[in-house]
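Read through the structure below, which is laid out as structure tokens, and then see the notes.
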Amino acid sequence: MMANGRGLGEQVERLRSLSFKIGTYRPPSEGGSASLLLRVTENCPWNRCTFCEMYKGHRFVYRPAEEIKADIDRVAAIRDEITAVSCKLGMDGKINRDLGAALLAEGRDLIEDSSFITVFNWLSCGGRTAFLQDANSMIMRPREFVAVLRHLRETLPSLTRVTTYARSKTLAQRKPEELRMIHEAGLDRLHIGLETGDDELLALVRKGVTRAEQIEGGRKAITAGFQVSQYWMPDLGGRERWRQHAENTASALTAINPHYIRSRPLVPRPGTPMFEDVAQGRLRLSSPHERLEELALMIGGLEVTSRVCFDHAMNAWVDRRGGLLFRQDYEGYRFPDEKPLLLERIREGLAVQESRHVHARELMTVQSL
Ligand code: SF4
């Protein structure tokens, strides 16, 4: 078939020739296939947290702004080529399953082309959101980051939300005007791993940041206009330190009052120092009921107007009917209104026989040890 002087085979060949850097990790709320994933740096510039396996063994790479902009141009070229094929096939520029089938019929190998697949899925979901990878995009020099964000917004105008991971430490180090400049250039939301608000635990797990810096970084980001999503890690203190973990996390999050608070219970991953701590008995993990007690203390201490979310499979406690104890949607429980409801759910979980909380965490840990 020919159109615009080019055959479909030629257009598929052009799609094969276009690629850009995509990393592995993104938050579940950027999941499915809805978000465009784009690497602005590679791996983690800190990479020392004892519980984290995400980028271990991988060197941090600071990508030059011009290289990232070239990647954005390639995303736009893939978008334009896919749209051109849609028009050529009489689909009016729509990106849907029929178009995907037509493209794969011409070039079966495209199914393994992550650049093509990412852009195709992103477009078929409306092309609205992007997530900038990897672990701490705020490490970019502010002016370079601003240039990249402006180019992203100009080149891909369908975007309505751009988000990324950030470390509190870096946010605390940035000047307020730098943060505001980055936000105004087009970055909307920051996903920040708080893990705990307890200084002793932060030092033990080598988070590389203090509670005061976490609070300062979170507050500065909110003042600059960002939506802030903070992740905390139930059971990070194990049986010895659960109480200080819960109390100090609640007070740190209260001091920040982020837009979102997201629970990510600890899972000791093979290859991490924390996995060894558990294997050698230096860290004794809590049982499902003990973790619910910890949750009750943490949640009870929160004085926030945040959304409190359990949007991960690791939060898989059950209720009396065997259903999920907590809603796992991305918008979570609206505080303060739904705080009593959430505390009631925790009480219900505690009333369920402990053995019924067959937890994804238990299964993963036992299989690995
Ligand atoms: S800063 Fe984040 S990505 Fe880096 S090692 Fe710590 S938890 Fe992992």
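Computed from a predicted structure; not experimentally measured. We count ligands from 1, going down the list as the structure has it; atoms in each ligand are counted the same way.
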Compute the centroid of each ring, for Y165 and then for F131, and state whether the two points are separated by less than 6.0 Å.
-> yes

Y55/Y25 aromatic ring centres below 6.0 Å = yes

Passes side chain to side chain contact (heavy atoms under 4.5 Å, CB included), F20 versus D73? Steps please.
-> CA-CA 9 Å; F20 59 97; D73 291 341; over 6 Å; no

Measure the shortest side-chain to side-chain distance between R291 and S286 over non-hydrogen atoms and say whether it is less than 4.5 angstrom.
-> yes

Hey, what's the ring geometry for W232 with F310, parallel, tilted or perpendicular (30° and 60° as the breaks)?
-> perpendicular

Element-labelled atoms of ligand 1 that are located less than 4.0 Å from some non-hydrogen atom of R48 = 5 (S)

Would you confirm whether H183, through its side chain, and G225, through its main-chain N or O, come within 3.5 Å as a donor-acceptor pair?
-> yes

Proximity winner for atom 7 (S) of ligand 1, if only heavy atoms of K207, R167, E53 are counted = K207

Return yes if a side-chain donor-acceptor contact under 3.5 Å exists between S19 and R74, otherwise no.
-> no

In the protein, how many N/O/S atoms are under 2.8 Å from atom 8 (Fe) of ligand 1?
-> 1

